[in-house]
Amino acid sequence: MDYGKFKYEAAQKARDARRNQANTQLKEIRFRLKIDDHDFGVKKGHVERFLSAGDKVKVMIMFRGREQSRPEAGVRLLQRLAEEIGDLAIVESMPRQDGRNMTMVLAPTKRKADAVNEQRKRREAERAERRDKRAERASKGQSRAAGDAATDND
């Protein structure tokens, strides 16, 4: 076997391995104890987006003043979030209080590499769809121009 060919194939394998390897990051979302329903929904949407991208999420509730005397309300809020996004994530570390903050870590159910490949396929499908629409419009424009030219000659 040719050494150059062997070296090239090894480089290709290494490149494919790097492409399929994914670095998961730890994203952080901060809540306050007295969060409104709409604000909760918006933050939940951010958490869902991070999890669907394959990243772990650290959810933090910040307590101020007298709120520190009600940690059970913070646990309820975190459990509500965990229940609502239960299909996307599993609770990696249960809610626990560290001083003024209560934290919980959520891990995605699917791997980062799978999520990246899924996004890549979806983008390619969208590009192909846009290309097809452009080609269709161009062919309609050409046929219309040909029809106009035929009527001008008459």
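These numbers come from a predicted model, not from an experiment.
- One finds the CZ atom of Arg96 at 11.0 Å from the CE atom of Met102 (value rounded to the nearest 0.5 Å).
- At distances below 3.5 Å, at least one donor-acceptor pair connects side-chain atoms of Asp55 with backbone N or O atoms of Gln25.
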From CA spacing to verdict: side chain to side chain donor-acceptor pair (under 3.5 Å), Arg76, Gln79: CA-CA 5 Å; Arg76 277 198 309 270; Gln79 285 175 344; over 6 Å; no

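- The two residues Arg100 and Arg64 come nearest to each other via the heavy atoms NH1-CA, 4.3 Å.
- Using a 4.0 Å cut-off between charged side-chain N and carboxylate O, Arg120 and Glu118 make no salt bridge.
- Legend: residues meeting ring-ring contact (aromatic ring centres under 6.0 Å, His included) with Phe31, ordered by chain and number and at least two apart, are Phe40.
- Closest of all the heavy-atom pairs between Leu33 and Gly74 is CD1-N, 3.5 Å.
- Using a 4.5 Å cut-off on side-chain heavy atoms (C-beta onward), Ile85 and Lys44 make contact.
- Heavy-atom contacts from other residues, nucleotides or ligands closer than 6.0 Å to CZ of Arg32 number more than 12.
- Between Glu129 and Lys133, at least one side-chain nitrogen of the basic residue sits less than 4.0 Å from a carboxylate oxygen of the acidic one, meeting the salt-bridge criterion.
- The shortest side-chain heavy-atom distance between Lys140 and Arg137 does not fall under the 4.5 Å cut-off.
- In plain terms, the two heavy atoms of Glu84 and Asp87 that are nearest each other are O-OD1, 4.4 Å.
- The existence of a salt bridge linking Lys43 and Asp37 is excluded, since no basic side-chain nitrogen approaches an acidic carboxylate oxygen closer than 4.0 Å.
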